[in-house]
Every structure is written in C-alpha cells, then in structure tokens.
Amino acid sequence: MPKGGRKGGHKGRARQYTSPEEIDAQLQAEKQKAREDEEQGEGGGDGAAGDPKKEKKSLDSDESEDEEDDYQQKRKGVEGLVDIENPNRVAQTTEKVTQLDLDGPKELSRREREEIEKQKAKERYMKMHLAGKTEQAKADLARLAIIRKQREEAARKKEERKAKDDAALSGKRMQSLSLNK
C-alpha cells in the first residue's frame with residue numbers, strides 16, 4: 001500500500017502534454033458547439049442535428065493540416081509548449097530540384113574563400129621570391145654570394161698549395177737525382 005494514503009504515482013509513466021494547437025482546436029470546437037446549441041434553440045429541429053458532424057469533419061481536416069505542419073517542422077524541447085519568436089532564427093526552406101539554379105554563380109563559404117585567397121597569396125609570394133624581390137630572397141642571394149666568394153678563395157688557395165707542393169717535389173727529385181750520380 002502506498003505511503004500517505006495516496007494512490008500510486010505511476011512513476012514510470014511518461015507525462016502527456018497537449019500542444020497549444022490542440023488546445024486552440026478544442027476551444028474552437030467548444031465555441032462552434034455553443035453556437036450550434038443557440039441556433040438549435042432558435043430554429044430547433046432536424047437540420048441542426050446534421051451540422052455538428054459536418055463541422056466536426058471540418059475541424060478534423062483543420063487538425064490534420066496542423067499535424068502536417070508539425071511533421072514539417074518538428075519542435076524540440078519546450079518549443080512545442082511555449083511560442084517563442086526569435087528574430088535571429090531563420091526558417092529552413094526546402095527547394096525543389098527544378099527550382100535550383102545550377103548555371104548561376106555559386107556563392108562560396110567563408111572557409112572556401114579564405115582558402116582560395118591563401119593559395120593566391122602563396123603563389124604571388126613564390127613569384128616575387130623567384131624574382132628576388134622579397135626580403136627573404138634578397139637575404140638568400142646575399143648569403144649565396146658570400147658562400148661563392150669563400151669557395152673561390154678556398155679553390156685558389158688549394159691551387160697555390162698544389163703549385164708549391166709540385167715545386168717542392170720537383171726540387172727534391174732534382175736533388176735526389178743529382179745525389180745518385
């Protein structure tokens with residue numbers, strides 16, 4: 001037996017909320033019924049008895065249209081309960097394939113535009129670098145010129161040493177030849 005004399009709370013059951021559209025439909029149905037009752041009181045009779053069914057069907061068709069709208073635009077969380085108007089929210093519109101303009105200019109996203117600009121800037125920099133107009137290219141060329149001078153000096157010194165060694169070798173050969181005689 002539950003505590004406090006109350007009946008069970010049905011803890012596991014899901015709660016059911018009525019949407020604002022359903023409440024509006026119920027209110028309209030009640031208003032229609034009240035009007036019909038007034039008309040029946042005045043006119044009485046058989047003709048009024050057939051009208052509620054027709055109006056009921058028209059209300060049902062309105063509700064089915066509302067349900068179709070709900071299927072098209074699903075609401076999340078509390079949106080179904082509270083009507084919120086957000087000026088920043090853009091309603092998504094679906095376009096048919098026949099309405100799409102494939103021949104027109106395609107708008108690029110921000111990332112795509114930035115990527116293209118980045119590639120163009122890189123190409124411009126490489127052209128200027130190859131032409132020797134960038135600071136890095138100028139520094140590279142200056143360093144290259146210094147290295148060339150150092151290599152030329154090293155090659156010249158090597159030739160001078162080789163010439164001295166050749167002269168010294170030829171002098172020693174002469175002496176050894178003269179001693180052998």
Side-chain angles (χ1 to χ4, degrees), residues 9-29 58-176:
H10 304 296
K11 203 171 192 179
R13 289 191 186 167
R15 294 184 179 168
Q16 295 180 346
Y17 299 101
T18 54
S19 68
E21 292 84 11
E22 292 174 358
I23 293 171
D24 291 340
Q26 289 173 357
L27 290 174
Q28 287 178 358
S58 68
L59 286 176
D60 290 341
S61 66
D62 290 343
E63 288 176 1
S64 66
E65 290 173 10
D66 289 342
E67 289 173 3
E68 289 174 10
D69 292 341
D70 288 341
Y71 288 125
Q72 289 175 359
Q73 187 178 30
K74 290 188 177 180
R75 294 185 172 194
K76 300 176 188 170
V78 192
E79 266 187 78
L81 302 174
V82 181
D83 193 24
I84 299 172
E85 294 203 19
N86 185 355
N88 296 327
R89 185 174 180 277
V90 179
Q92 294 181 349
T93 57
T94 56
E95 294 182 2
K96 295 182 180 177
V97 176
T98 56
Q99 292 175 345
L100 290 176
D101 186 20
L102 299 175
D103 297 333
K106 183 183 174 190
E107 299 238 353
L108 299 175
S109 68
R110 178 184 57 84
R111 287 185 180 172
E112 291 171 337
R113 280 195 311 270
E114 287 177 356
E115 187 67 29
I116 290 171
E117 288 174 8
K118 190 177 179 182
Q119 288 175 353
K120 286 181 181 178
K122 195 172 187 178
E123 289 173 10
R124 269 187 266 125
Y125 180 79
M126 289 306 293
K127 285 180 183 177
M128 289 182 67
H129 186 74
L130 292 174
K133 293 182 180 179
T134 62
E135 290 186 24
Q136 186 178 2
K138 290 176 184 176
D140 289 345
L141 291 173
R143 202 175 318 118
L144 187 61
I146 292 171
I147 291 172
R148 282 183 183 157
K149 285 181 184 177
Q150 290 174 348
R151 288 182 181 167
E152 286 175 7
E153 290 176 14
R156 191 170 24 92
K157 287 180 182 178
K158 191 174 183 181
E159 287 179 17
E160 289 175 4
R161 270 191 235 133
K162 192 173 183 182
K164 284 183 184 178
D165 288 344
D166 286 344
L169 260 175
S170 63
K172 287 183 182 177
R173 281 188 193 162
M174 292 278 201
Q175 285 178 354
S176 64

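The figures that follow rest on heavy atoms only: side chains count, while hydrogens, waters and symmetry mates do not.
Qualifying side chain to side chain contact (heavy atoms under 4.5 Å, CB included) partners for Leu141, counting only residues two or more places apart in sequence or in other chains: none. Under the side chain to side chain contact (heavy atoms under 4.5 Å, CB included) criterion, Ser170 pairs with no residue, sequence neighbours left out. Residues satisfying the side chain to side chain donor-acceptor pair (under 3.5 Å) criterion with Glu114, sequence neighbours excluded, are Arg110. Here Ile23 pairs with Thr18, Leu27 under the side chain to side chain contact (heavy atoms under 4.5 Å, CB included) rule; sequence neighbours left out. Partners of Glu115 under the side chain to side chain contact (heavy atoms under 4.5 Å, CB included) rule, at least two apart in sequence or in another chain, are Gln119.
Distance check: Ser19 OG to Glu21 CD gives 4.5 Å after rounding to the nearest 0.5 Å. We find the CD-CG distance between Glu22 and Asp24 to be 10.0 Å, quoted to the nearest 0.5 Å.
Between Ala137 and Gly132, the closest heavy-atom pair is CB-CA, 3.8 Å.
Counting only residues at least two apart or on different chains, the ring-ring contact (aromatic ring centres under 6.0 Å, His included) pairs with a member in residues 129-162 are Tyr125-His129. Residue pairs meeting the side-chain hydrogen bond (donor to acceptor under 3.5 Å, both in side chains) criterion with at least one member in residues 153-166: none, sequence neighbours excluded. Under the salt bridge (charged side-chain N to carboxylate O under 4.0 Å, His left out) criterion, no residue pair touches residues 117-135, with sequence neighbours excluded. Within the structure, the side-chain hydrogen bond (donor to acceptor under 3.5 Å, both in side chains) test picks out the following pairs touching residues 138-152 (sequence neighbours left out): Asp140-Arg143.
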